[in-house]
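Letters go in sequence order (proteins before strands), and every chain restarts at 1.
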Amino acid sequence: MIRLATLRRGRLLQTLFPDRWNGALSAFALAFIGWAMWQAFDWAVLRAALAPDAERCFADGVGACWGVITEKHRALLFGRYPYAEQWRPMLAVGVLLLAVVITLFPRSPRALRIAVWLPALPVFFALMAGGVAGLTPVPSRQWGGLPLTVMLWLLAVAIALPVGVLTAMGRHSGLPAVRTLCGLFVELLRGVPLVSILFMASFMVPLLLPPEARVDMLLRVQVALGLFGGAYLSENIRGGIQAVPAGQVQAALSLGMTPRQADWLVVLPQALRHALPAMFNSFIGLFKETTLVTVVSLYELTGSLSLAIGGDPVWRPFFLEAYLFIGAIYWLCCFSLSRYSRGLERRLAATSA
Amino acid sequence: MRHTVSRLSLRLFGGIAAASLLAFSATAQAGKTLDSIRQKGSIQCGVSTGVAGFSLPDSQGNWSGFDVDYCRALAAAVLNDPSKVTFTPLNSQQRFAALQSGEVDVLARNTTWTLTRDASLGLQFAAITYFDGQGFLVPKKLKITSAKQLKNAEICVQSGTTNEKNLADYFRAQNIKVRTVVFEGFEASFKAFFSGRCQAYTTDVSGLAGLRNKEAKNPDDYVVLPEIISKEPLGPAVRRGDDEWLAIVKWVAYGLIEAEEAGLTQANADAWKATSKDPVVQRLLGTGEDSGKLLGLDREWLYRGIKAVGNYGEIFERNVGPNSVLKLPRGVNRLWNQGGILYAPPVR
């Protein structure tokens with residue numbers, strides 16, 4: 001792909017219109033792109049209907065019916081959470097996102113990055129679950145929408161990171177038993193579709209446990225998602241470990257480090273740096289994998305979408321608009337993550353140079 | 001691709017779950033459902049993820065519909081409060097597993113009662129609350145008046161449903177060759193039909209009516225053919241191994257039907273409770289012999305159910321009848337003494 005921004009104006013013209021034939025093709029392509037963008041703009045903005053009135057959306061000449069968002073936005077964003085209490089998940093997801101921003105912000109003091117989670121997570125769960133400070137209890141099966149998506153992702157990453165690091169290091173361990181166990185764990189979880197793992201976690205585990213030992217379903221699904229993410233992350237980190245030159249270990253050992261110190265203090269930090277792009281790739285993947293929890297009747301963003309619109313004969317025709325709305329949320333989250341990972345790579349490259 | 005894999009694995013795991021549940025559920029759950037409901041203070045009712053007329057959440061998350069009203073009556077009977085229901089939306093693949101694993105206490109999700117489901121899935125159907133059947137929708141301009149004229153026609157149908165199997169069975173028996181065009185989702189299947197991809201569309205008649213009234217540009221351009229090619233008895237189901245709970249679920253359904261038979265309505269329940277000398281009405285309202293005690297409930301269980309949602313006929317009218325979105329005729333769902341096949345054993 002030509003990076004237009006890097007071309008000077010003269011080069012741009014030369015690149016697009018080098019001769020008559022290519023010039024014509026370029027002109028045609030530009031005209032088509034312009035036309036398509038105009039059509040999209042016309043549909044989405046100029047002819048759009050914003051009022052929550054389905055009859056008006058059916059009128060001739062009306063483009064996008066954003067009224068479906070006006071009407072259904074709370075059902076879309078918060079899923080099955082009780083309507084009167086929906087300020088709580090809104091606040092809760094705000095707290096969570098603020099904590100994420102503080103943690104990821106490059107100039108945050110290191111202590112704050114960890115400390116911020118000490119109040120953030122309890123506040124999140126207190127708001128969502130209730131039962132404290134006079135809040136009505138809301139069972140976890142009724143949590144839904146954006147807070148559920150963000151929570152599932154964050155905690156899955158929080159579980160996946162240590163699991164991934166430990167199993168990746170374990171596969172390089174000198175102990176055959178540890179090596180085999182870690183390999184088995186990774187291959188087993190990577191080799192099975194996530195839906196079936198979720199299905200096992202939500203429907204099969206309770207059958208195998210006595211009724212007194214039942215664990216909350218959301219927790220079971222959360223752990224399943226975290227372990228699945230961990231298995232993928234483990235392979236990313238293993239790739240990073242293999243990219244560390246063998247000389248590094250030899251140098252560390254010759255400096256008098258024990259093999260364990262060499263692994264954890266020399267190899268792992270470099271491995272994580274190598275694995276960073278792949279790890280963020282997994283994180284972004286994991287964010288989208290959270291959509292699969294719909295199969296076990298947890299209604300996160302995409303689940304609440306089909307719940308809010310899927311059966312409603314009045315608003316069902318405007319599925320596309322609702323999908324675009326949800327898609328925009330996913331894109332925003334994933335794109336921010338991807339930009340952040342680029343910045344992080346640059347900063348790490350600068351410090352290691 | 002992923003979708004295919006996930007569906008396959010879902011079915012596979014659904015099967016495993018069902019099989020293992022047969023072994024577990026009988027011992028693990030017996031007699032405990034009512035206790036756990038009283039302890040939780042609400043009934044977990046498994047419904048569809050959105051079928052207009054049967055179970056559908058509005059923008060505020062309030063559920064309404066035929067199946068929803070049934071669950072509310074159940075809650076009124078058991079917990080004295082029709083609002084003490086938690087509705088759990090379930091898709092068609094997860095519904096049985098959710099019932100078996102204890103996720104829901106009762107499944108009221110317009111589910112067809114069949115031998116296989118009754119005998120092998122670790123669940124029991126309590127009663128038939130709606131007699132449905134599969135039919136065909138065709139554009140009027142084709143001038144087709146009978147399903148037998150659909151020779152070589154292309155018929156749109158949703159995959160993985162009993163409709164798909166019934167369709168094949170019916171035309172094989174009739175020795176008529178048709179081409180089925182199968183779609184993964186409900187949405188996709190009827191959109192394809194209305195855009196002209198097929199000459200006919202098939203699903204349950206209750207579904208056809210809704211489609212014709214709401215999705216067609218002009219409902220009069222489409223007709224429902226007279227042939228009903230399958231029996232689709234719909235009703236609530238419970239886990240196996242808890243006969244006390246089964247009896248409650250069953251008799252709330254029958255009680256609402258018998259209330260219609262007796263002329264007992266939401267509006268006149270209070271007045272009749274005070275004045276009626278009819279022994280049938282007295283039994284239903286708990287002023288006569290105590291039918292609730294035998295079910296483990298109090299004597300006014302059914303009175304509260306009727307006060308909450310009305311009798312069977314009222315529930316039908318409100319949710320799927322002529323004044324609703326679906327505009328369905330009562331048809332075979334009329335009472336047995338009014339030309340239908342709706343028949344409840346006596347509450348006595």
Side-chain angles (χ1 to χ4, degrees), chain A residues 52 58 68 70-76 78-86 137-139 141-142 144 192-200 202-211 214 217 289 291-292 294-299 303-304 306-317 319, chain B residues 2 5-10 12-14 16-17 20-21 23-25 28-29 32 36 40 42 44 46 48-62 65 86-91 93-98 100-104 185-187 191 210-211 213-215 217 325-326:
Chain A
F58 277 117
V68 65
T70 325
E71 169 74 20
K72 296 276 184 188
H73 66 280
R74 286 176 65 168
L76 289 173
F78 303 119
R80 297 172 58 207
Y81 208 87
Y83 191 74
E85 304 282 335
Q86 282 175 356
V138 176
R141 68 175 75 222
Q142 287 194 311
V192 181
L194 179 56
V195 258
S196 52
I197 294 178
L198 292 175
F199 215 82
M200 291 290 265
S202 69
F203 296 127
M204 297 294 287
V205 170
L207 299 178
L208 305 174
L209 292 176
R214 288 215 174 158
M217 183 174 88
E289 307 257 295
T291 53
L292 287 176
T294 323
V295 302
V296 293
S297 39
L298 287 170
Y299 291 85
S304 4
S306 51
L307 201 58
I309 318 262
D312 189 331
V314 178
W315 292 104
R316 189 162 54 198
F319 229 92
Chain B
R2 154 172 274 164
V5 173
S6 60
R7 280 188 73 108
L8 267 178
S9 57
L10 269 181
L12 178 68
F13 279 89
I16 297 173
S20 47
L21 252 148
F24 283 94
S25 59
Q29 306 284 345
K32 285 189 181 152
S36 88
K40 283 180 298 190
S42 82
Q44 302 286 345
S48 75
T49 51
V51 174
F54 286 90
S55 44
L56 184 70
D58 67 7
S59 304
Q60 274 90 53
N62 302 314
T86 314
F87 293 101
T88 300
L90 301 166
N91 67 32
Q93 281 115 21
Q94 70 198 198
R95 55 183 161 181
F96 300 122
Q100 291 149 357
S101 67
E103 268 295 294
V104 297
F186 181 54
E187 176 95 4
K191 281 253 158 80
L211 287 182
N213 295 335
K214 283 312 286 187
E215 303 292 341
K217 278 244 159 60
V325 178
L326 293 185

At a 4.5 Å cut-off on heavy atoms, which part of N213(B) comes close to chain A: side chain, backbone, both, or neither? neither
Distance from K72(A) atom NZ to Q60(B) atom CD, nearest 0.5 Å? 8.5 Å
Under 4.5 Å from any heavy atom of chain A, what part of Q44(B) do you find: side chain, backbone, both or neither? side chain
What part of Y299(A) gets closer than 4.5 Å to chain B, counting heavy atoms only: side chain, backbone, both or neither? side chain
Side chain, backbone, both or neither: which part of R80(A) has a heavy atom under 4.5 Å from chain B? side chain
Less than 4.5 Å to any heavy atom of chain B: does that hold for the side chain of R141(A), its backbone, both, or neither? side chain
Interface check, chain A: of G50(B), G61(B), P89(B), most non-hydrogen pairs under 4.5 Å belong to P89(B)
Restricting to non-hydrogen atoms, name the atom on F199(A) and the atom on A97(B) that form the minimum distance, rounded to 0.1 Å. CZ-CB, 4.1 Å
Sort L56(B) into side chain, backbone, both or neither according to what part of it lies under 4.5 angstrom from a heavy atom of chain A. side chain
Based on non-hydrogen pairs under 4.5 Å, which of V325(B), T88(B), L90(B) is most in contact with chain A? T88(B)
Measure Q86(A) against the heavy atoms of chain B and call it side chain, backbone, both or neither at under 4.5 Å. neither
Contact part of V296(A) toward chain B, heavy-atom cut-off under 4.5 Å: side chain, backbone, both or neither? backbone
Side chain to side chain, E103(B) and F203(A), heavy atoms closer than 4.5 Å: yes
F87(B) versus chain A, heavy atoms under 4.5 Å apart: side chain, backbone, both or neither? backbone
Counterpart residues, ring pair (Phe, Tyr, Trp, His ring centres under 6.0 Å), relative to F319(A) (two or more places apart): Y323(A)
So, the part of S297(A) with a heavy atom under 4.5 Å from chain B: the answer is both
